[in-house]
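The structure appears below as structure tokens.
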Protein chains: 2
Amino acid sequence: MSVARQRLVETARDLFARHGIPNVGINQVIAAAKVARMSLYNHFASKDELVLAAFEAEAARRRQAIEAAQADAPTPRARVLALFDVAEALASEAGFRGCAFLNLAVETAAPESRGHALARRHKEWIRDNLAVQLRQAGAAAPEALAEQILVLWDGGIVGAYVRRTPAPLRAARTAALTLMSQAAAG
Amino acid sequence: MSVARQRLVETARDLFARHGIPNVGINQVIAAAKVARMSLYNHFASKDELVLAAFEAEAARRRQAIEAAQADAPTPRARVLALFDVAEALASEAGFRGCAFLNLAVETAAPESRGHALARRHKEWIRDNLAVQLRQAGAAAPEALAEQILVLWDGGIVGAYVRRTPAPLRAARTAALTLMSQAAAG
DNA sequence: ATATAGATAGACCGTTCTGTCTATTTGGAG
DNA sequence: CTCCAAATAGACAGAACGGTCTATCTATAT
């Protein structure tokens with residue numbers, strides 16, 4: 001992997017996530033990456049291909065952040081809550097724009113596009129991660145509960161973005177705790 | 001209100017919601033509305049102004065849909081669930097693109113923009129509507145619970161969009177029921 | 001019947017954007 | 001040293017878009 005390509009992907013990942021795909025032009029990317037225009041088109045057939053590579057990198061980054069936060073957690077329940085810690089940390093950053101993958105799905109209109117599929121895969125990874133923790137916690141129906149907590153997570157993130165307050169994420173965390181307690185008791 | 005203006009707002013509301021703001025050009029709007037280019041610019045200073053008017057109309061439409069669904073519901077709890085019925089009906093339509101207001105916030109990058117504020121107001125209206133029902137249902141902390149159920153609603157909608165299945169909305173509904181039962185019992 | 005305000009069609013302008021082409025330079029392997 | 005692949009700068013094309021301008025038409029109210 002050439003250094004020019006690495007710089008392109010990393011720069012594009014940052015710019016697309018922070019400002020949105022249609023708001024970042026090719027010229028911006030190559031200027032920020034300090035790379036020639038033709039270097040981009042030697043490595044990627046089009047802007048769309050660069051977008052896909054950038055969001056694959058973003059997905060890997062997010063998975064690592066989640067796993068790092070979970071590594072410190074002693075119990076399955078704490079590993080579930082770690083996801084909300086990651087989201088709150090993200091939401092407190094300047095230029096927070098919600099979930100990059102939900103935005104990707106919105107900005108690449110076609111539902112059968114590869115960008116949409118990438119977003120879907122990322123969400124399924126999170127749901128499966130949650131299901132693993134919940135199974136370890138002994139929940140009665142770990143998959144169903146994982147689906148519910150993923151909904152809370154997504155809703156908390158988009159709510160925090162649109163309302164510009166961490167309140168939805170706090171509410172999501174509280175609700176997740178309630179659901180987990182209910183699942184353990186029932 | 002002139003007929004040309006009405007047709008513009010209604011057409012723009014439909015097109016922007018179904019295809020996304022950046023994907024719908026002025027030419028498309030005026031062609032679909034069968035209105036002259038200058039009629040648009042006589043009523044609206046710019047595309048942004050048309051976008052705002054269109055989404056104000058969309059917000060009114062959504063509020064009406066929710067209130068209509070709630071009108072048939074006999075109990076406060078049923079009126080809360082009516083919101084999820086509305087969302088599921090929306091998600092089952094062809095060309096479903098998630099929540100138009102979350103998309104508006106994403107597509108109008110600036111968080112201090114009027115579009116962003118419009119989306120925020122719409123979400124707050126839904127939260128307040130939920131709080132009214134939950135207070136009537138005798139929940140211990142209706143505002144906090146309303147916040148949690150709004151999170152479930154948003155998360156269910158975006159999940160249904162990105163994963164192209166009603167599963168997240170069903171999970172959201174189930175979780176809302178659990179939280180309401182918990183709040184009544186506790 | 002006429003005046004007036006609004007609607008119409010369409011040419012036009014400037015900007016922005018993606019993507020191509022060319023000519024030149026760099027750097028590492030044989 | 002030489003060669004070759006990759007990187008570079010920048011001009012250029014082609015298209016789409018938002019927005020302006022003009023000249024014509026239509027309908028309604030007096």
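Numbers restart at 1 for each chain; the letters A, B, ... are given by sequence-line order, proteins then strands.
- In this structure, CD1 of A:Ile21 is placed 15 Å from C1' of C:dC17, rounded to the nearest angstrom.
- With rounding to whole Å, B:His19 atom NE2 is found 14 Å from D:dC17 atom P.
- For A:Arg114, the CZ atom counts as loosely surrounded, since its 6.0 Å shell holds 12 or fewer non-hydrogen atoms of other residues, nucleotides or ligands.
- Taking the charged nitrogens against the carboxylate oxygens, A:Arg63 and A:Glu67 have no contact shorter than 4.0 Å, which rules out a salt bridge.
- Residue A:Tyr41 contributes atom OH, which lies 16 Å from atom P of D:dA7 at whole-angstrom precision.
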Does B:Ser2 form a side chain to side chain donor-acceptor pair (under 3.5 Å) with B:His43? I'd like the steps, not just the answer.
CA-CA 9 Å; B:Ser2 88; B:His43 289 289; 3.3 Å; yes
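- For B:Ser2, whose side chain is taken as the heavy atoms from C-beta onward, the closest listed nucleotide among C:dC21, D:dG18, C:dA7 is C:dA7.
- Residue A:Met38 contributes atom CE, which lies 10 Å from atom P of C:dT22 at whole-angstrom precision.
- Note: NE2 (B:His43) to C1' (C:dT8) measures 12 Å, nearest angstrom.
- When the P atom of D:dG18 is taken as reference, atom CZ of B:Phe44 falls 15 Å away, rounded to whole Å.
- With hydrogens and angles ignored, no donor-acceptor pair closer than 3.5 Å exists between the side chain of A:Arg37 and the base of D:dT8.
- The separation between B:Leu40 atom CG and C:dT8 atom P is 11 Å, rounded to whole Å.
- Under the 30°/60° scheme for interplanar angles, the aromatic rings of B:Phe55 and B:Phe16 are found to lie parallel.
- Map B:Val35 and A:Asn27 each onto its nearest nucleotide of DNA chain C; the residue landing nearer the 5' end is B:Val35.
- Both A:Pro22 and A:Ala45 sit near DNA chain C, but only A:Pro22 has its closest nucleotide nearer the 5' end.
- Atom P of nucleotide D:dA16 and atom NZ of B:Lys47 are separated by 15 Å, given to the nearest angstrom.
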